[in-house]
Amino acid sequence: MKYVNQPVRKKDAMALVTGKPVYTDDIAPKDCLVVKVLRSPYAHAEILEIQKETAEKMPGIVCVLTYADVPQRRFTMAGQTYPEPSPYDRLILDKRVRFVGDAVAIVAGEDEKTVDRAMKTIQVKYQVLEPLLDFRQAKDHPILVHPEADWKALCPVGADNKRNLCASGLEEYGDVDQVLAECDVVVENTYHTKAVQQTMMETFRTYTQMDTYGRLNVISSTQVPFHVRRILAHALDIPKSSIRVIKPRIGGGFGAKQTVVAEVYPAIVTWKTGRPAKIVYTREESLIASSPRHEMEVKVRIGATRDGRIRGIAVNTLSNTGAFGEHGPTTVGLSGHKSIPLYSKAEAFRFQYDVVYTNKMSAGAYRGYGATQGIFAVESAVNELADKLGMDPVVLREKNLTREGDVMHGYYGETANSCTLDRCLERAAQQIGWKEKYPRRIMPDGKIRGVGIAMAMQGSGISGVDTGAVSVKINDDGFYSLSIGAADMGTGCDTILAQMAADCLDCSVDEIVVYGVDTDISPYDSGSYASSTTYVTGMATVKACEALVEKMKAYGAKKLGCGVEEVDFDGECVYNLNSGRSISRRDMANEAMCAAEEALFATEAHSSPISPPPFMAGAVEVEIDPETGSIQLIDYVAVVDCGTVINPNLARVQVEGGLVQGIGMTLHENITYDEKGRLAENSLMQYKIPTRLDIGKLRVEFDSSYEQTGPFGAKSIGEIVINTPAPAIAQAIYHATGLRFTELPITPEKIVMGLQKHAD
């Protein structure tokens with residue numbers, strides 16, 4: 001391999017670092033109407049009357065839309081393969097508002113100041129209803145978030161709007177109750193994670209325009225261009241053939257842009273007025289009316305023998321989907337499917353879950369997608385189990401972790417055909433200095449250092465669902481065009497797919513031109529989510545390049561006057577194995593454009609019946625000041641098995657970025673609602689994400705397995721990297737202070753109060 005497993009520079013690197021206009025708002029036409037959304041001040045209310053006449057008469061205002069002006073066809077904003085598991089519970093604008101920040105009216109005008117003034121003149125009369133804010137009480141509560149008759153679920157996910165259920169289910173293997181009753185030691189605890197934000201630097205933004213053929217063109221910062229087309233067609237009640245979606249560069253997504261948060265608003269304005277229109281969410285809007293991680297409460301029971309053999313695991317997850325059900329039925333599954341199988345030698349497991357509606361901001365997809373919440377719970381319970389057994393938590397894991405060849409009953413019965421989790425754990429413990437530092441050390445200045453460790457797994461696409469397709473063609477003089485439907489959201493998929501193509505075609509990466517997503521011309525791809533691109537679209541790239549090589553060999557053989565079985569391709573020429581005569585790639589490409597009867601072009605798709613998981617171990621050392629409760633991260637070691645690493649530089653920054661987000665969720669990022677359902681953290685002054693000063697030393701290593709079903713042996717890496725910080729840091733804090741935290745974030749205030757209570 002010349003390019004795979006090499007630190008090739010990102011194809012768009014220079015454009016990004018030199019500030020070229022590549023993002024949505026950079027390239028939007030200057031005559032775009034400015035679109036804004038008037039939002040509800042109430043968590044639950046019925047709109048009785050909207051007076052918009054004053055706003056409509058203001059100079060520069062083009063349209064003001066209310067629920068009476070838009071289609072009343074329910075849809076979901078979740079960017080998922082059809083038929084979406086998420087319920088169809090939304091309207092573009094509804095007569096009922098369901099959270100503080102819900103859309104009430106759409107205002108479009110010539111400039112932002114005019115629109116802001118117009119919004120202040122709109123008078124709305126509400127019938128305020130009692131909100132349902134506590135997700136622990138939501139199931140079968142008399143207050144219904146979605147009482148409407150036209151609510152519907154397309155898939156059998158246990159949803160029932162008359163019970164405030166977005167999804168519900170039970171999976172089990174063996175008799176876990178009997179097994180736990182026979183265990184020598186059982187740990188039972190409940191873990192709570194909040195609805196933290198993706199906080200990508202580029203907020204939600206889209207511009208729309210009508211093209212020459214009367215079609216709606218949507219240019220959007222999205223991870224799911226093809227799903228955007230389908231969702232807008234449902235919402236606007238127009239044919240999919242009337243919509244074209246183009247994805248420019250994305251300034252971060254992390255799952256937030258797998259939900260069609262903003263696209264519908266400029267789309268309906270352009271469809272009605274024929275004018276170009278754009279919406280750019282403010283940071284406040286992105287914090288109060290977006291698609292954060294699902295709040296979850298996860299109850300875990302785990303039992304073992306005295307010598308540390310884990311026999312049974314029971315996980316019960318309650319997930320808060322908020323006002324709408326985007327991603328609710330699917331995120332909850334990962335809380336069990338990506339935590340329980342870490343210990344596949346257990347004799348029995350049960351995974352039970354409910355996803356409930358409340359009158360809070362609706363949740364969505366965020367890196368880790370439910371696994372983050374479940375792994376925090378299960379790994380924390382394993383750490384507590386080690387403490388109860390009086391056993392080193394590394395040793396406990398070594399006895400029980402999933403190894404290559406194990407059947408993972410909690411992971412759809414798949415076999416771990418590529419797995420170096422045991423080596424990842426060993427190396428992480430070794431690199432952090434576990435034997436010397438476990439469990440804690442008191443420093444000369446009185447501060448206390450503790451260490452913690454955790455493991456994680458994720459997936460590589462959604463088995464049997466995700467599809468990636470790639471087209472590759474040879475052009476004049478022999479360079480190649482690679483057309484993909486996967487959305488590069490800063491991860492570098494344009495580059496890594498070009499690296500794979502370069503090795504398959506035996507040419508340089510610079511000879512591969514990558515064309516981004518345009519739903520009119522790109523081959524279909526489910527989108528960039530579920531850690532699918534490297535594994536799924538990567539295999540489509542390999543297959544397409546192999547098909548093109550076969551076409552070039554056939555074309556070259558014809559030109560050389562011999563059979564295709566007599567030729568081979570070395571990247572530069574098709575040559576006769578016997579005579580040595582050859583025709584160059586350049587000549588074939590140019591000749592194929594003159595009176596050609598066959599195009600040197602190939603398109604291939606790939607979908608996998610399995611989703612081989614990447615694995616990871618993370619070890620951390622923290623320092624606690626017992627007088628102030630301040631927490632300082634000293635060192636974090638991450639060792640990852642993502643199969644063959646396609647691009648070490650890009651993989652490394654993926655790991656580092658995920659660790660920072662996990663650290664933020666664990667120590668800093670907090671949300672609080674008042675009794676009326678208003679969110680306090682509506683700016684980056686209140687919602688704290690970690691800075692470089694907060695994350696200490698990050699060390700990343702790879703311990704590669706080889707996944708036979710992946711391109712060049714690769715698996716995914718995008719999501720798994722966020723999952724170990726929460727349980728590892730929580731354990732390190734416990735080792736340092738004796739305080740066991742089961743709710744995030746863990747703040748200095750909580751530590752000080754806990755230490756004072758402990759001292760009393």
Problem - Lys/Arg-Asp/Glu bridge criterion (N-O < 4.0 Å) met for K36, D116 - result: yes
Problem - E148/K95 ion pair, N-O < 4.0 Å - result: no
Problem - Heavy-atom donor-acceptor pair, R90 side chain to G325 backbone, under 3.5 Å - result: no
Exercise for the section: Starting at CD1 of I689, measure out to CG of L684 and round the result to the nearest 0.5 Å. Expected result: 5.5 Å
Exercise for the section: For the pair D150 and R73, find out whether any cationic side-chain nitrogen is under 4.0 Å from an anionic carboxylate oxygen. Expected result: no
Problem - Charged N-O contact under 4.0 Å between R249 and D12 - result: yes
Exercise for the section: Would you mind checking if E669 and K194 are paired as a salt bridge, meaning a charged N to carboxylate O distance below 4.0 Å? Expected result: no
Exercise for the section: Just jot down the side-chain hydrogen bond (donor to acceptor under 3.5 Å, both in side chains) partners of E46, sequence neighbours excluded, or say none. Expected result: R96
Exercise for the section: Run the ring-centre check on H668 versus Y687 and record whether the distance is less than 6.0 Å. Expected result: no
Problem - CG on D140 to CG on N164, rounded to 0.5 Å - result: 8.0 Å
Handout entry: Residues E202, K257: salt bridge by 4.0 Å N-O rule
Key = yes
Handout entry: Ionic contact status for K139 with D160, cut-off 4.0 Å
Key = no
Exercise for the section: Using a strict cut-off of less than 4.0 Å between a Lys/Arg side-chain nitrogen and an Asp/Glu carboxylate oxygen, indicate whether D102 and R98 qualify as a salt bridge. Expected result: no
Handout entry: Residues H327, Y369; criterion ring-ring contact (aromatic ring centres under 6.0 Å, His included); working and verdict
Key = CA-CA 9 Å; H327 302 279; Y369 203 77; 5.6 Å; yes
Handout entry: Matching residue for S531 among E719, Q458, R367 - test: side chain to side chain donor-acceptor pair (under 3.5 Å)
Key = E719
